[in-house]
Amino acid sequence: MTDNLKLPSWLSRGIEEYFPIKGTDQTFSEIIDHAKKNNKKLRVKLGIDPTGTDIHLGHSILFKKLRAFQDNGHIAVLIIGDFTAQIGDPTGKNKTRVQLSEKQVKENAKTYLTQLGMGKPANESILDFDSKDRIEIRYNSEWLKGLNLNSIIELMGSATVSQMLAKEEFNKRYTSQVPIALHEFLYPLLQGYDSVVVQSDIELGGTDQKFNIAIGRDLQRHFKQDPQFGVLLPILTGLDGIKKMSKSEFNTVGLTEDPLSMYSKLEKVPDNIIPNYFELLTELDLSFLENSNPRELQRRMALEVTTLFHGAEEALKAQSNCEKLFLGHKEKVGEIPEISLKEIVFPVKFFYLLSALKLFKSSSESKRSIKGGGVKIDSQKVINPDLVFNSKNDLEGKILQIGKKIIKRFEN
RNA sequence: GGGUCGGUGCCCGAGUGGUUAAAGGGGGCGGACUGUAAAUCCGCUGGCUCUGCCUACGUUGGUUCAAAUCCAACCCGGCCCA
């Protein structure tokens with residue numbers, strides 16, 4: 001049986017894969033179509049683990065898709081994995097994942113929701129928090145905290161070791177003799193159990209979530225529910241153009257970053273991922289990609305994305321400031337982030353100043369960067385880390401540049 | 001539980017008594033070039049208000065003028081056996 005309906009474009013854009021093509025009796029597109037005709041609300045699950053405090057563009061594509069479901073009449077079931085956050089998703093990289101306290105997790109969750117626009121009107125926020133019948137926020141500790149051993153055994157009984165080892169991440173670790181702790185097998189099961197509890201019809205996730213979503217289907221079947229469909233979205237490549245966007249790789253753009261920093265980061269992204277960014281982060285028709293100047297594309301993409309989060313006016317201002325800055329017309333630039341000299345005790349050595357202002361991780365690093373020629377004041381390279389500034393007057397109003405990314409204006 | 005191998009800087013990985021803040025590579029950062037991209041080339045890549053001082057090779061103790069390197073105990077991991 002083939003699927004002769006097409007997915008609507010609000011849903012199909014930028015998705016990597018959906019599965020299964022055909023559920024128990026209908027194809028995925030039939031279900032979407034049927035829901036629309038009958039005004040049926042589908043329950044669309046998206047889980048986030050509140051392990052950090054910043055949401056970046058990579059996450060945003062999931063949330064934007066979730067919003068699209070909302071806008072088309074469905075229910076966003078946002079699961080805050082406050083409980084699972086404490087186990088840790090076995091991503092291999094995070095072997096030293098810290099145990100987060102309950103309090104920490106709650107706070108992270110709160111900042112996530114704020115960043116997603118909770119409290120703002122729907123047209124200014126990423127998710128629609130206004131339409132109460134289209135948003136459901138659940139914390140998974142609600143049901144996971146009290147699971148008793150019997151239930152846990154039941155969950156564990158529903159999957160096999162070889163299923164688990166089929167998962168690429170586990171498999172890689174197993175074959176390369178990197179330890180896998182038993183409790184790590186629990187993570188997919190618990191995440192899958194979330195689907196059972198919230199009775200999800202569709203689960204959204206990155207392609208790396210395929211396994212977990214599939215486990216969710218198994219468990220739903222086990223608990224006599226219709227298994228969910230999975231919609232997999234691509235993993236956004238980070239600013240380096242190579243690795244996935246992730247806080248630990250320092251290649252992210254945060255949703256709440258100021259326009260200038262957002263624009264300037266995006267505008268220097270490698271060429272090869274530009275089309276990808278256009279497709280995943282904007283709503284533009286992509287036909288113009290074919291014959292455009294690559295430099296223009298960078299600028300346009302940066303502008304579009306910045307507009308999305310800060311509005312057209314702010315974005316244009318950022319673009320113009322950014323360009324003026326690199327052309328050297330600093331005096332015309334009004335929007336450079338300021339950095340306060342209040343806490344500084346003069347006289348002060350240059351390297352110590354930068355370290356004290358937290359512009360570098362350490363004073364040694366500050367010193368090295370200065371020596372290496374990476375630091376400018378008013379466009380002049382300053383390469384003497386021991387240069388002494390005697391008073392605020394030496395610096396006030398001047399513009400500091402560190403590498404290509406950091407630009408600050410000294411203020412009292 | 002027994003046997004065996006192993007635990008080195010952000011990561012991988014060399015080093016098996018003496019300028020060792022620790023080869024080499026990757027990654028990262030900075031510079032030149034460029035389109036603020038890529039490629040290439042060059043430099044930097046433990047901390048400290050720093051011509052010096054302090055921490056570092058799983059942990060703790062020991063041997064020695066001197067240890068990442070030798071010894072002991074412990075902790076952690078892989079594999080084989082049970």
Side-chain angles (χ1 to χ4, degrees), chain A residues 91-97 170 172-182 184 237-253 260-278 289 292-303 306 318-330 333 336 343-377 379-390 400-407:
Chain A
T91 59
K93 288 226 154 188
N94 299 328
K95 36 186 157 176
T96 50
R97 189 162 196 162
F170 284 137
K172 228 165 51 195
R173 284 211 264 159
Y174 185 68
T175 50
S176 60
Q177 309 191 334
V178 176
I180 302 169
L182 283 177
E184 296 189 61
T237 307
L239 295 175
D240 53 16
I242 300 164
K243 283 176 265 194
K244 74 169 187 180
M245 185 172 283
S246 148
K247 199 146 189 231
S248 54
E249 301 292 349
F250 302 102
N251 59 5
T252 63
V253 180
L260 185 63
S261 116
M262 190 179 257
Y263 181 89
S264 58
K265 278 183 176 180
L266 286 169
E267 177 231 29
K268 63 187 293 293
V269 130
D271 290 347
N272 59 313
I273 57 169
I274 299 269
N276 195 239
Y277 274 37
F278 269 116
L289 283 173
S292 295
N293 172 298
R295 178 73 189 123
E296 276 313 304
L297 285 180
Q298 279 181 323
R299 297 182 62 235
R300 179 151 178 207
M301 185 277 289
L303 186 65
T306 309
Q319 181 175 59
S320 119
N321 280 334
C322 197
E323 259 141 49
K324 279 185 204 154
L325 198 65
F326 280 95
L327 292 172
H329 301 145
K330 304 222 164 40
V333 181
I336 297 180
E343 309 291 318
I344 304 299
V345 181
F346 288 89
V348 65
K349 286 188 182 170
F350 193 33
F351 80 91
Y352 184 72
L353 172 77
L354 299 186
S355 147
L357 291 171
K358 303 234 166 23
L359 294 167
F360 288 103
K361 281 204 300 272
S362 68
S363 66
S364 303
E365 188 178 314
S366 160
K367 204 168 192 176
R368 267 183 251 127
S369 284
I370 296 169
K371 275 190 193 158
V375 182
K376 293 180 190 169
I377 291 181
S379 300
Q380 296 293 311
K381 266 188 202 175
V382 177
I383 54 169
N384 174 15
D386 295 318
L387 184 67
V388 174
F389 296 100
N390 289 308
L400 173 78
Q401 273 176 270
I402 299 174
K404 286 168 188 160
K405 287 178 199 146
I406 301 177
I407 304 150

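Lettering follows sequence order; numbering is per chain, from 1.
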Euclidean distance, A:K268 NZ relative to A:Q298 CD, rounded to 0.5 Å: 9.5 Å
C1' gap between B:rA68 and B:rU19, integer Å: 16 Å
Intermediate values then yes/no, ring pair (Phe, Tyr, Trp, His ring centres under 6.0 Å), A:F350 and A:F389: CA-CA 7 Å; A:F350 193 33; A:F389 296 100; 5.5 Å; yes
Side chain of A:S364 (C-beta onward), nearest among B:rA37, B:rU36, B:rG47: B:rG47
P spacing across the pair B:rC53 / B:rA21, given as an integer number of angstrom: 12 Å
Euclidean distance, atom NZ of residue A:K371 to atom P of B:rU51 [Å, nearest integer]: 11 Å
Rounded distance (Å) that lies between atom P of B:rA21 and atom NZ of A:K367: 18 Å
Within 6.0 angstrom of A:F346 CZ, more than 12 heavy atoms from elsewhere: yes
Atom P, compared across B:rA23 and B:rG46: separation rounded to whole Å: 9 Å
C1' atoms of B:rG52 and B:rC5, separation to the nearest Å: 43 Å
salt_bridge(A:E267, A:R295) N-O dist < 4.0 Å: yes
Nucleotide of B:rU36, B:rG78, B:rG35 approaching A:D271 most closely (side-chain heavy atoms): B:rG35
Distance, nearest 0.5 Å, that separates CZ of A:R368 from CZ of A:F360: 10.0 Å
From A:L359 atom CG to A:S366 atom OG, the distance as rounded to the nearest 0.5 Å: 8.5 Å
Distance-only donor-acceptor test (3.5 Å): side chain A:N293, base B:rG35: no
Distance, C1' atom - from B:rU69 to B:rG15, rounded to whole angstrom: 8 Å
For RNA chain B, the dot-bracket pattern of Watson-Crick and G-U pairs whose distances stay under 3.5 Å, | for other-strand partners: ((((((((.[[[..)..(.....]]]((((((.......))))))(((...)))...[[[[[..)....]]]]]))))))).
Whole angstrom value for the distance that separates P of B:rG77 from CD1 of A:I180: 13 Å
Residue mapping more 5' on RNA chain B - nearest nucleotide basis, A:P270 or A:V345: A:P270
Pairwise P distance for B:rC42 and B:rG24, with rounding to whole Å: 14 Å
A:I370 CD1 to B:rU45 P, straight-line distance once rounded to whole Å: 15 Å
Separation between NZ of A:K349 and CG of A:N384, rounded to the nearest 0.5 Å: 9.5 Å
Residue A:L387 excluded, over 12 heavy atoms near CG under 6.0 Å: yes
Test item: A:K244 and A:T237 side chains (from C-beta on) under 4.5 Å apart, heavy atoms: no
Pairs under 3.5 Å (N/O, protein and nucleotides 24-31 of chain B):
unit_1: B:rC29; atom_1: OP1; unit_2: A:K405; atom_2: NZ; d: 3.4
unit_1: B:rG30; atom_1: O2'; unit_2: A:G372; atom_2: O; d: 3.2
unit_1: B:rG30; atom_1: O2'; unit_2: A:G374; atom_2: N; d: 3.3
unit_1: B:rG31; atom_1: O3'; unit_2: A:K381; atom_2: NZ; d: 3.1

Separation of B:rA38 C1' from A:L239 CG (nearest whole Å): 16 Å
Charged N-O contact under 4.0 Å between A:E343 and A:K358: no
Sugar-phosphate only, base, or nothing, as touched by A:Q177 at under 4.0 Å among non-hydrogen atoms: sugar-phosphate
Derivation of the side chain to side chain contact (heavy atoms under 4.5 Å, CB included) call for A:I274 and A:N276: CA-CA 5 Å; A:I274 299 269; A:N276 195 239; over 6 Å; no
A:C322 side-chain proximity, nearest of B:rU49, B:rU36, B:rA37: B:rU36
Length of the NZ-P vector between A:K172 and B:rC12, whole Å: 14 Å
Sugar-phosphate, base or nothing in reach of A:P294, heavy atoms under 4.0 Å: base
Rounded distance (Å) that lies between atom C1' of B:rG47 and atom CG of A:L354: 17 Å
Sugar-phosphate, base or nothing in reach of A:S362, heavy atoms under 4.0 Å: sugar-phosphate
A:P179 or A:Y352, whichever maps to the more 5' nucleotide of RNA chain B: A:Y352
Selected nucleotide, minimal atom distance to A:R368 side chain, candidates B:rG77, B:rG47, B:rA37: B:rG47
Whole-angstrom distance between B:rG9 and B:rU4, as gauged at atom C1': 28 Å
Separation of atom CZ in A:F346 from atom P in B:rU49, rounded to whole Å: 16 Å
Same-atom distance (C1') from B:rU40 to B:rC79, integer angstrom: 45 Å
